[in-house]
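The structure appears right after this line, and notes come after that.
The structure presented is a predicted model; accordingly, all values stated were derived computationally and were not measured. The chains referred to below are lettered A, B, ... by the order of the sequence lines, with proteins before strands, and numbering in each begins at 1.
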Amino acid sequence: MKIEETAQALSEIERNSLIALRDGRLKNAGQIANSAGMNIDSARRAIMWLKEKALVDLIESAKMHISLTTSGKEALQKGLPEKRAIEAIHKAGGKERLIEIQKNANLGKESDFVLGIAKRNAWVSLHKEGNELVLELTGLEKDLLQGKYASEIALGKIGENEKLSEAENEGLNELIRRGFVERKQIIERSARINELGLEALAFAEKFTERKYVVDAGVPEILLGKKQPYVQFLGNIRNKLVALGFKEMPAPLITQEFYNFDALFQPQGHPARSWSDTYQLKQPKFGKLPDARIVSGVKAAHENGGNTGSSGWQYKWNEEIAKRLMPSAHGTAHSARQLVKGIEIPGKYFAIARCYRPDVVDATHLIEFNQLEGFVVDKSFNFRHLLGMLKQFAVEIAGAEEVKFLPDYYPFTEPSVQLSAKHPELGWIEFAGAGIFRPEMMLPLGIKEPALAWGIGIDRLAMFKLNIKDVRYLFSDDLGWLRKCAVVQ
Amino acid sequence: MPNVEINLNDLGALVGKKLSLERVREALLFVKGEIDSVDGNEIVVDVKETNRPDLLSAEGIARELKGHLGKEKGLAKYDVKSSGVKVIADASVSAVRPCIAAAIARNVKVDGNFIKQMVQLQEKVCLTFGRKRKEAAIGLYDFDAMKAPIHYKAFAPHELKFVPLEYRVEMDLDEILKEHPKGKEYAHLLQGCKKYPILIDSADVVASMPPIINSQATGKVTEKTRNLFVEVTGMRQETVNTALNVIASALAERNAKIESVQIVYPKSRITTPDFTPGKISVDVSDVQKISGLELGAADIVKLLRNAHYDAAAKGKKIIAEYPAYRQDILHPIDVIEDIIIAYGYEKIAPAEVKIATIGNELQNNRIENACREVCVGLGLQEVLTFTLTSKEKQQRMMELPEQQFVEIANPVSTNWSVLRRSVVPELLEFLSKNKNCPYPQKIFEIGRTLALDASAETGVKERTQVCIAISHKNANFTEIKSHLNALLQNLGIKYETRAMKHPSFAEGRAAEIVALGKCGILGEVGEKVLKNFLIDAPVAVLEFEI
């Protein structure tokens, strides 16, 4: 770099330090800080940077430096243990049992040491009363109590960085041994401006604006951010609202009635077994909706009722339908909404937290999200179902091509699976869908066809967030969350 | 969704045509099947339809493929001759396991594939369609070792002894339920019964103890077996008939000659298997309305015949006859789906959904978003934790007294056995996992918490809470209260804080937040709690219902 550019790129503190050094004298960081009106740390940093740019010469000298340790600082504040001990005796009227002194002056492991000093200085006399050692003041302790104790004065001076007298210096080693003071070798650096420095300074004073080294690194900033998966789900929600969908409530706990019975899933069905869904130990039972709806569902299960179906031909049990469970699939929320009432024509969706007993690993979660919903209108048929799925695949997954395959769901007939060709993932199972069965809809009093759908959004989320391990959707890695780019 | 293991050569032999893997893959779509894995000639097919027990073996899948590959149309016809054999059902079984159906299959050629498929079919039908043997349990026997007529009769627990399959010692019925692995597994099906059902021949040789186990004497099928006796027991005649039809028609696909058996109940007699097809009427207009396809009656009849139905047009209706092994046809809609599948999903042009509706998110979500925005503005990193957790973390590690939780009855692990009452412990655990990450750490979560509430429709009150945790060497009450203040001020919520004692927080550094209808807590997390979570840096938290 040319000297002009170097000069132009000088920081504020480098520039001020050079000005302070202009007289060509050797100065240490303290002196530079003083004359430049900056703090000593800035001055230290500045001369190191100036040295790197070869604008100053540095002279280093080793010096012993004494300073207070943490317990030294504490002793300075609360008094040295020996002073606290004498004060405690004084307070007790000039005579006190050792055991009390230890307690009141909080001597701890300094106790023996304090006893030694007190005897050496003849502040106290010792005698025994019964089994107990008693200390009595002699009158020689006055200087100590009036603040004329050399060790204490030394401690104060060290704290203030002042020079010690010869007498005070004598006690220094003891203070170091007792851990109140530490002695460290420090390197003091002094700087002197050189010719190049003078030249740079001359240039620098011509420029009023600093020139930045634009490719240099900068300090990191920790910013507040949304969780990436939450953000992804939020984007999906916005998309569906834009497509005219209303969001349905998605409680975490549901009655089996909504999770299974209203969906025409027979009570003995293996999919309702413990190995496939969670059940609650407490609370155990919830409430069922309107009796008319319950009896309609019962009839549909038992013999089809008025739905034109033969039903499942078994005795439907209301108590089983009342049982509570964490929602196993989002369709439970569609069932709840259908029971509550819907607008026709209508479009509904839910982002549902669902639960499934499993072992958590890179491909399985026991708690995950499903995107579910339905659209309903008297004009709808199977071709509309395919049309809707295709729209989802294009709008949500950015699919280029789609394929429809026969599929099975207990509550839809006909049923279909949509595979979508994702530009990067290739063919993926994107959605499952179908027309809600008459045995499900008629007991709820709905005659219009409802096209139901569910989309596997976790797979898409993993792609969006560029993760291979599904557990990262609920990441407990703060470093990763901080680094993860905002989802667009 | 049951998985069915199939050998490709075996499947080809059953269909009568050598099939490539790709061809099988395409053809399986017609039966809602997908190839799950391939190992040489052995494939595993995921059969998605859970109400088609007939598709749970190579024979059934082969039969369907024959239809769609054009090798066989209409109902599969099996000749059934009468065997003259009787099964005499005693009145004593009526209180225990009242129904039975049986058949005889002659000239079976038992080989590896045969045994594999029969065992698989038997197991899977019992598991799914048979509701884990409760509604249907199936037994296959070497008929040549049996003496007709066969008796189906209940015996007292110590009245009878026999050697269970693959065992060497005789056990009485009670011993089998208590000691035999299958006995223990299925004993609950006979719980409370004074007598247990037994199938026993006229030479007093026990064939089996349904629905538990066959006998070693006759209930073992080997490559030497030529003639089979098949029976299904259960609670409803229709169910056992369907299960028998599934097994018998699968055996017929392997060229066995099926013979019927007469079941003699105390007051009635029936003959099984009964291959009389089911009948259902479907309106042509319904097919058109639901499929959106312009199909005439003749088109529909043709499509149904490809799907193994017999069908005839009668005015504006189609009378469809479906095979006796199918029990999934409850409603004309089920037939309509088969018509659309036979037509081919890939040939159907999607139609655009054109209804005008106004979209809307939940009100609660808008509040969450406002809260999230303020938290992000405060420089906090959002995190997401699970609602399933443990009492250990939620209660003991928080130094809290005994509390009631929404609790899982069948947890996979105690780590995931209750639903959380508070988000705070989850954020503390998060912090404890990130001690190596640069401080200050400032995080928040907006999530659901659950508490018991008898007045709620589900017995559970679900709340949405915002929880903030701040951790660094100087984190303290003032800092977290500043966050609370900023948060609630910007959400337009007036609040008060009141000093409180709380076992999770440091003495004198905890307060409850009181606002209109909502509440929360804030404070410095106590030393004991930090130690429980192995956290070194001070942590200040707040949790508030939004």
Is it the case that the side chains of A/Gln255 and B/Thr458 hold a donor-acceptor pair, with the cut-off being a distance below 3.5 Å and no angle test? no
We want to know whether B/Glu238 and A/Gln313 form a side-chain donor-acceptor pair, criterion being a heavy-atom distance below 3.5 angstrom. no
In terms of heavy-atom proximity below 4.5 Å to chain B, should [X] be classed as side chain, backbone, both, or neither?
X	result
A/Glu220	neither
A/Pro326	side chain
A/Pro438	side chain
A/Lys225	both
A/Ile435	side chain
A/Gln391	neither

So which residues of residues 25-35 of chain B are in contact with chain A at a heavy-atom cut-off of under 4.5 Å? B/Leu29, B/Lys32, B/Glu34
So that I can tick it off, tell me whether B/Glu457 and A/Arg336 are bridged by a salt bridge, with the cut-off set at under 4.0 angstrom between side-chain N and carboxylate O. yes
Plane angle bin for A/Phe474 and B/Phe386 - parallel if under 30°, tilted between 30 and 60°, otherwise perpendicular: parallel
Would you mind checking which part of [X] comes under 4.5 Å of any heavy atom in chain A, side chain (CB onward), backbone (N, CA, C, O), both or neither?
X	answer
B/Glu445	neither
B/Glu462	side chain
B/Ile290	both

For each of A/Leu280, A/Thr307, A/Ile366, tally heavy-atom pairs with chain B at distances under 4.5 Å, and name the one with the top tally. A/Leu280
Any donor and acceptor pair, going by atom type alone, linking the side chain of [X] with main-chain N or O of [Y] inside 3.5 Å?
X	Y	result
A/Gln227	B/Val383	no
B/Asn410	A/Gln279	yes
A/Lys246	B/Ile358	yes
B/Asn434	A/Asp476	yes

Which residues from residues 235-244 of chain A are near chain B, with near meaning under 4.5 Å between non-hydrogen atoms? A/Arg237, A/Val241, A/Gly244
A/Leu223 to B/Gln381 - nearest heavy-atom pair and separation: O-OE1, 4.5 Å
Decide yes or no for A/Val230 and B/Glu382: does some side-chain heavy atom of the first lie under 4.5 Å from some side-chain heavy atom of the second? yes
Is the number of heavy atoms from other residues, nucleotides or ligands under 6.0 Å of A/Lys287 NZ greater than 12? yes
By salt bridge (Lys or Arg N to Asp or Glu O under 4.0 Å), which residues pair with B/Lys391, not counting sequence neighbours? B/Glu402
Among pairs that include at least one residue of residues 378-388 of chain A, which meet salt bridge (charged side-chain N to carboxylate O under 4.0 Å, His left out), considering only residues two or more places apart or in two chains? none
